Amino acid sequence: MNLPSRVTFDPQVMSGKACIRGMRITVSTVLQMLAKYPADTVLASYPELEPEDIRAVLEFAAYLAQERALAA
């Protein structure tokens, strides 16, 4: 998979969790908010986020949720 360039991993930022553009905003935080609130509310709560960040989070989550067959 080509990870969205807006999703970054840095051991020095949030212990290496998936974050948005190297900021201390994790993908999981954004996903949890999107599960409860519209994207506009998330963007208003985190003014440093951009609409493209929301799309990158959703693309990354979709990749992680893909079904995979386990080898027997």
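Remember, predicted model here, so these are calculated numbers, not experimental data.
- Rounded to the nearest 0.5 Å, atoms CE (Met23) and CG (Asp53) are 5.5 Å apart.
- Scanning all heavy atoms of the two residues, the minimum distance from Pro47 to Ala44 falls at CD-O, 3.8 Å.
- At a threshold of 4.5 Å between side-chain heavy atoms, the hydrophobic network of Ile, Leu, Val, Met, Phe, Trp and Tyr places Val27 and Met14 in two separate groups.
- Smallest separation of non-hydrogen atoms from Gly22 and Thr8: N-OG1, 2.8 Å.
- The structure places CD1 of Ile54 at 10.5 Å from CZ of Arg6, a figure rounded to the nearest 0.5 Å.
- In the hydrophobic cluster analysis, where Ile, Leu, Val, Met, Phe, Trp and Tyr join through side-chain heavy atoms closer than 4.5 angstrom, Leu58 is grouped together with Val42.
- Of the residues Asp40, Thr41, Leu34, the one that meets the side chain to side chain contact (heavy atoms under 4.5 Å, CB included) test with Tyr37 is Thr41.
- For the pair Val7 and Ala18, the tightest heavy-atom approach, listed with the atom from each and the gap, is CG1-CB, 4.0 Å.
- Atom CG of Leu49 and atom CD1 of Ile20 lie 6.5 Å apart (nearest 0.5 Å).
- Between the OG1 atom of Thr29 and the OH atom of Tyr46 there is a distance of 5.5 Å, given to the nearest 0.5 Å.
- If you take CG on Leu43 and CD on Glu48, they are separated by 10.0 Å, rounding to the nearest 0.5 Å.
- Rounded to the nearest 0.5 Å, atoms OG (Ser28) and NZ (Lys17) are 6.0 Å apart.
- Residue Gln66 qualifies as enclosed at atom CD: its count of foreign heavy atoms under 6.0 Å is above 12.
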